[in-house]
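To start, the structure under review is shown below, and the notes come after it.
Just so we're on the same page: letters track the sequence lines, and every chain starts at 1. In what follows, every heavy atom counts, from backbone to side chain, and hydrogens, waters and symmetry copies are set aside.
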Protein chains: 2
Amino acid sequence: MDISVLSGSALFRGFDETEVNTLLGSLNAREKRFRKGAMIFHSGDVISTLCFVITGSVTIESNDMWGNHTILNLVSKGQFFAESYALLPNEPMLVDVCANEDCTIVYLDMKSVGRLDESMRVKLLANLLTITTRKNLHLSSRSFHTAPRQVRGRIMAYLNTVSVQKNSREFDIPFDRQQLADYLNVERSVLSNELSKMQRDGLIRCRKNHFEIV
Amino acid sequence: MDISVLSGSALFRGFDETEVNTLLGSLNAREKRFRKGAMIFHSGDVISTLCFVITGSVTIESNDMWGNHTILNLVSKGQFFAESYALLPNEPMLVDVCANEDCTIVYLDMKSVGRLDESMRVKLLANLLTITTRKNLHLSSRSFHTAPRQVRGRIMAYLNTVSVQKNSREFDIPFDRQQLADYLNVERSVLSNELSKMQRDGLIRCRKNHFEIV
DNA sequence: TCCGAAATGTTGTAATTACAACATACTTTC
DNA sequence: GAAAGTATGTTGTAATTACAACATTTCGGA
């Protein structure tokens with residue numbers, strides 16, 4: 001198992017290499033690979049493992065019975081997912097998790113946290129708290145992206161956020177057109193159309209998933 | 001200060017009355033009252049206090065420069081808010097917090113957590129973790145309510161959630177029409193209109209904020 | 001390089017929503 | 001209890017979006 005990415009993660013901040021190895025053992029760390037498009041978790045699953053993305057990326061999705069397909073979040077290399085369900089035992093998942101590309105996931109069993117000695121537990125809990133708190137802010141950012149009533153406003157809200165994150169007017173986004181549409185809660189064709197108009201209006205330039213804000 | 005509500009809260013689970021009093025001192029607990037409609041925090045504020053609703057309720061809102069007004073969450077008596085900003089120092093708030101009705105708020109300074117002795121800190125961190133994790137699930141529930149493309153779908157998604165929470169087909173909701181519209185991200189008049197249609201179609205019955213799913 | 005599959009772009013029409021304007025009902029205050 | 005103010009319901013029109021159908025581009029194998 002490649003522990004370099006893991007030991008640099010927010011969860012193990014403040015732990016040295018030896019401690020990380022001990023923790024990985026205590027938390028019964030397991031690695032698993034998925035092919036692009038594979039389902040990692042299904043809505044309704046009950047889990048107790050925190051998940052870490054070693055390579056690739058996954059999408060958190062809501063798929064309801066009327067065919068509405070919504071992407072709530074994209075989790076990329078070096079980030080965690082399923083914290084909520086790992087830390088609240090018996091809460092069935094309300095979302096699906098899919099491999100957005102070929103990826104490697106490490107599972108960490110949170111039921112074992114109680115058995116750690118107190119000094120390790122304090123540090124781990126503090127790190128977990130930072131992770132869930134940051135995830136909170138991240139989750140609400142989607143609300144800002146879907147808050148504008150019109151498609152153009154949503155696109156701009158999203159692109160602005162990415163631009164600020166990447167600290168540049170030119171950047172790649174992790175979504176293809178269909179995924180961006182599902183994330184912004186609009187029709188794919190309407191999204192394509194609006195992107196064309198925005199280019200004609202000189203607001204942006206884009207080609208595939210590379211964007212530039214003019 | 002009325003500590004009975006506080007000591008029964010998720011934050012102080014596992015602490016006895018004496019410990020709660022000690023903690024309230026260590027965390028520099030302060031109480032403040034607000035009139036309905038008052039702004040408790042503004043977007044851009046930097047805070048380090050966890051906030052607890054003793055009486056009344058508050059709304060978490062996003063108000064952008066184009067006049068879009070969106071309600072992200074309603075926090076009622078016995079619940080916490082601003083955890084994310086309290087726990088991540090120097091993160092400026094992205095939302096406004098408003099008094100939804102006359103209310104009493106207790107501020108708890110999270111900068112002081114590091115000074116607690118270890119056994120108390122572990123318990124407090126574990127409780128904070130539960131709070132933020134639950135808040136995570138709660139935040140994503142709004143995504144499910146706004147996922148349907150059409151107004152009727154959003155209304156039903158929301159009413160179903162409330163119905164499940166209250167374990168009854170008949171219940172009150174905490175929003176008036178304008179607020180419900182802002183929460184579901186639709187026009188107020190369209191919402192009113194759709195509610196009328198749904199009553200004519202025999203799906204629901206409602207009067208003011210009392211609803212019944214038929 | 002060619003083919004087929006998948007992704008993206010374009011267009012037109014039907015359906016839905018936004019918005020404004022107004023009617024009605026309910027509340028609060030004096 | 002009347003008046004004023006607020007909340008809710010209704011309606012029509014303009015604007016936007018959904019949806020379907022098809023054109024074009026891109027990308028990976030054969």
Side-chain angles (χ1 to χ4, degrees), chain A residues 35-37 59 64 66-71 98-102 145-159 172-201 203-211, chain B residues 35-37 59 64 66-71 98-102 145-159 172-201 203-211:
Chain A
R35 287 272 168 218
K36 175 174 180 168
T59 52
D64 70 22
W66 298 283
N68 293 306
H69 181 77
T70 305
I71 293 183
C98 297
N100 184 51
E101 47 194 319
D102 288 358
H145 301 150
T146 56
R149 296 290 163 78
Q150 293 176 359
V151 175
R152 181 171 294 202
R154 296 189 184 192
I155 295 170
M156 284 312 260
Y158 174 67
L159 293 181
D172 290 344
I173 65 169
F175 294 127
D176 63 28
R177 291 287 180 280
Q178 182 65 61
Q179 289 180 310
L180 182 56
D182 290 338
Y183 177 79
L184 296 178
N185 233 51
V186 299
E187 271 297 307
R188 182 197 60 78
S189 64
V190 174
L191 171 65
S192 272
N193 196 254
E194 193 61 38
L195 285 173
S196 300
K197 285 185 197 161
M198 290 168 76
Q199 293 194 80
R200 263 175 260 148
D201 294 351
L203 282 173
I204 60 169
R205 276 193 279 178
C206 67
R207 179 186 160 73
K208 297 231 37 170
N209 62 343
H210 186 81
F211 285 75
Chain B
R35 286 273 168 219
K36 175 174 180 168
T59 52
D64 70 23
W66 298 283
N68 292 306
H69 182 77
T70 306
I71 294 183
C98 297
N100 183 51
E101 48 194 317
D102 288 358
H145 301 151
T146 55
R149 296 291 163 77
Q150 293 176 359
V151 175
R152 181 172 294 202
R154 297 189 184 193
I155 296 170
M156 284 312 259
Y158 174 68
L159 292 181
D172 290 344
I173 66 170
F175 295 127
D176 63 28
R177 291 287 180 279
Q178 182 65 60
Q179 290 180 311
L180 183 55
D182 290 338
Y183 178 80
L184 297 178
N185 233 57
V186 299
E187 271 298 308
R188 181 198 60 79
S189 65
V190 174
L191 171 66
S192 271
N193 197 254
E194 192 61 37
L195 284 173
S196 300
K197 285 186 197 160
M198 289 169 76
Q199 292 194 81
R200 263 175 260 148
D201 294 351
L203 282 173
I204 60 170
R205 277 195 277 177
C206 66
R207 179 186 161 74
K208 298 227 39 175
N209 63 343
H210 186 82
F211 284 75

For B:N185 and B:R154, which heavy atoms make the closest approach, and how far apart are they?
O-NH1, 3.3 Å
Check every strand shown and say whether A:R152 touches a base, only sugar-phosphate, or nothing at a heavy-atom separation below 4.0 Å.
nothing
Euclidean distance, atom CD1 of residue A:I155 to atom P of C:dT8 [Å, nearest integer]
14 Å
For B:F175 and B:N209, which heavy atoms make the closest approach, and how far apart are they?
O-CB, 3.7 Å
Taking for each residue the nucleotide of DNA chain C bearing the nearest heavy atom, is the 5' side occupied by A:R200 or by A:Q150?
A:R200
Nearest-Å distance, CZ (A:F175) to P (C:dA7)?
16 Å
Spacing between A:E187 atom CD and C:dG9 atom C1', to the nearest angstrom:
14 Å
Describe the nucleic acid contact of A:N193 in one word from base, sugar-phosphate, nothing, applying a heavy-atom distance below 4.0 Å.
base
Considering only heavy atoms from C-beta outward, does the side chain of A:H210 approach that of A:C206 to under 4.5 Å?
no
Answer yes or no: does a side-chain N or O of A:R177 lie under 4.0 Å from OP1 or OP2 of C:dG9?
yes
Assign B:S196 to base, sugar-phosphate, or nothing according to its heavy-atom contacts below 4.0 angstrom with the strands shown.
sugar-phosphate
Do the rings of B:H145 and B:Y183 sit parallel, tilted or perpendicular, given the 30° and 60° boundaries?
tilted
Would you mind telling me which residue lines up with the more 5' stretch of DNA chain D, A:E194 or B:K36, judged by nearest nucleotide?
B:K36
Would you kindly give the CG-to-P distance between A:L195 and C:dG9, to the nearest whole Å?
7 Å
If every non-hydrogen atom of A:A147 is compared with every non-hydrogen atom of B:T70, which pair is closest and at what distance?
CB-OG1, 3.6 Å
For the residue pair B:E187 and B:N193, confirm or rule out a side-chain donor-acceptor distance under 3.5 Å.
no
Round to the nearest Å and state the distance from A:K208 atom NZ to C:dA6 atom P.
14 Å
Would you classify B:R188 as touching base, sugar-phosphate or nothing, given that sugar-phosphate means primed atoms plus P, OP1 and OP2, and contacts are heavy atoms under 4.0 Å?
base
Please find the pair of heavy atoms, one from A:R149 and one from B:H69, that lie closest to each other, and give the distance.
NH2-O, 4.5 Å
Can you give the first and last nucleotides of DNA chain D, 5' to 3', that have an atom under 4.0 Å from a heavy atom of chain A?
D:dT16 to D:dC27
